[in-house]
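In each ligand, atom 1 is the first atom listed, and ligand 1 is the first ligand listed. Note that these values count all heavy atoms, side chains included, but never hydrogens, waters or copies made by symmetry. Just so it is clear, the structure is predicted and the values come from calculations on it, not from any experiment. Numbers here simply count residues along the sequence, with the first being 1.
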Amino acid sequence: MEKKNIDWENIGFGYIKTEKRYVSNYKEGAWDGGVLTEDDTVVISECAGVLQYAQTIFEGLKAYTTDDGHIVTFRPDLNAERMEASATRLEMPAFPKERFLDAIDQVVRANEAYVPPYGSGATLYIRPYMFGSNPVIGVKPADEYQFRVFTTPVGPYFKGGAKPLTIRVSDFDRAAPHGTGHIKAGLNYAMSLHAIVSAHKEGFDENMYLDPGTRTKVEETGGANFLFVTKDGKVVTPKSDSILPSITRRSLMHVAKEYLGLEVEEREVLFEEVKDMAECGLCGTAAVISPVGKIVDHGKEICIPSGMEQMGPITQKLYDTLTGIQMGRIEAPEGWIRVIK
Ligand code: PLP
Ligand code: COI
């Protein structure tokens, strides 16, 4: 299979149209068989539920080329399960797990020419999503839905790759107590747009959101969970009902404990504690682990001891082990890698 002529080493996290995408429609209580199509446009009613009341959810995962030339995905079953949880919360029908996995396999295979080569630093980002497609004017769930999966080759989410980030404590919330912060609904990201635009204008890479109830505890950023390393080498991650249960974070906690023999804690993390942390990273499919060097709270700077030049040593080990598992250099736990080709 001849790869596309793309400058893999230098692409960023943007949309590059690929050949095929998967589409299935839900009508009269059932999903149709689903097809691969070259049509990258969506035609829906002007009154579609997604356009009026933001009834839309999505997922994000990646396909990797391994060192022995296979194409694999990483724990896609967890994306299927999380998408089902998102659907339930927004009164949408679930797309069955086995079909979700098969749809991803099909789209990746159909776009094999766009799967970045091993060692290029790029990956194929996969975006499954679903939205209410029929007219809805009173506030209620749609009756018809479309499920789609497209792919796009991507490089690092943050410009500068592994350079430590500077983030700020946000004055805006992205989630509400008992709201939708724990699911992957488009509305959570709409909520974060003003905050990210103003953060960028002020020279910050991302926002740290605190818990919306008390504003004393660390939650997450607009697109990634936090991992901290304490000065005595413990890996700590915030526990909260209003953050997205990151698959990367759950995997890294396993890696920290089982591969690196570190102590791990998932617990509430007070913002007060952050100044005493040795390392800080943002973890997610897009972010992988992006180190944080500085956190600014209304002008007050917290400089993380690992500094602004490179990742801290434990963050680096976590990064190397996780990407080693994803690219086939390190043996994966049972069931983590799905071989597509
Ligand atoms: N938190 C938010 C708000 C996200 O959008 C993402 C990205 O999916 C994550 C965390 C990381 O989740 P995952 O590791 O499953 O990609
Ligand atoms: C992902 O990591 O897959 C996400 O969906 C995060 C998004 C901000 C790009």
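None of Lys184, Arg82, Arg75 except one satisfies the salt bridge (charged side-chain N to carboxylate O under 4.0 Å, His left out) rule with Glu59; the exception is Arg82.
Residues lining ligand 2 at a heavy-atom distance below 4.0 Å are given as Phe13, Phe58, Gly60, Tyr125, Arg127, Tyr157, Lys184, Gly223, Thr285, Ala286, ordered by chain and residue number.
Lys4 and Glu19 are joined by a salt bridge, as a carboxylate oxygen and a charged side-chain nitrogen come within less than 4.0 angstrom of each other. Electrostatic pairing of Lys97 and Glu81 counts as a salt bridge here, judged by a charged N lying under 4.0 Å from a carboxylate O. Salt-bridge annotation for Arg21 and Glu38: absent, with no side-chain N of the basic residue lying under 4.0 Å from a carboxylate O of the acidic one. Using a 4.0 Å cut-off between charged side-chain N and carboxylate O, Lys159 and Asp205 make no salt bridge.
Figure legend: Arg148 and Phe58 shown without cation-pi pairing, the cationic atom not lying both under 6.0 angstrom from the six-membered ring centre and within 45 degrees of its axis.
Within a 6.0 Å sphere centred on CD of Glu84, other residues, nucleotides and ligands contribute 12 heavy atoms or fewer. More than 12 heavy-atom neighbours from other residues, nucleotides or ligands sit within 6.0 angstrom of NZ on Lys231.
Looking only at distances, no side-chain donor or acceptor of Asp105 sits under 3.5 Å from a matching main-chain atom of Ile340.
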For ligand 1, list every N/O pair with the protein closer than 3.5 Å, one pair per line with the distance.
from	atom 1	to	atom 2	distance (Å)
ligand 1	1 (N)	Glu220	OE1	2.5
ligand 1	5 (O)	Lys184	NZ	3.1
ligand 1	5 (O)	Tyr189	OH	2.5
ligand 1	8 (O)	Lys184	NZ	2.8
ligand 1	12 (O)	Ser246	OG	3.4
ligand 1	14 (O)	Ser246	OG	2.6
ligand 1	14 (O)	Ile247	N	3.2
ligand 1	14 (O)	Thr248	N	2.9
ligand 1	14 (O)	Thr248	OG1	2.5
ligand 1	15 (O)	Arg82	NH1	2.7
ligand 1	15 (O)	Arg82	NH2	3.1
ligand 1	15 (O)	Ile247	N	2.8
ligand 1	16 (O)	Thr285	N	2.9
ligand 1	16 (O)	Thr285	OG1	2.5

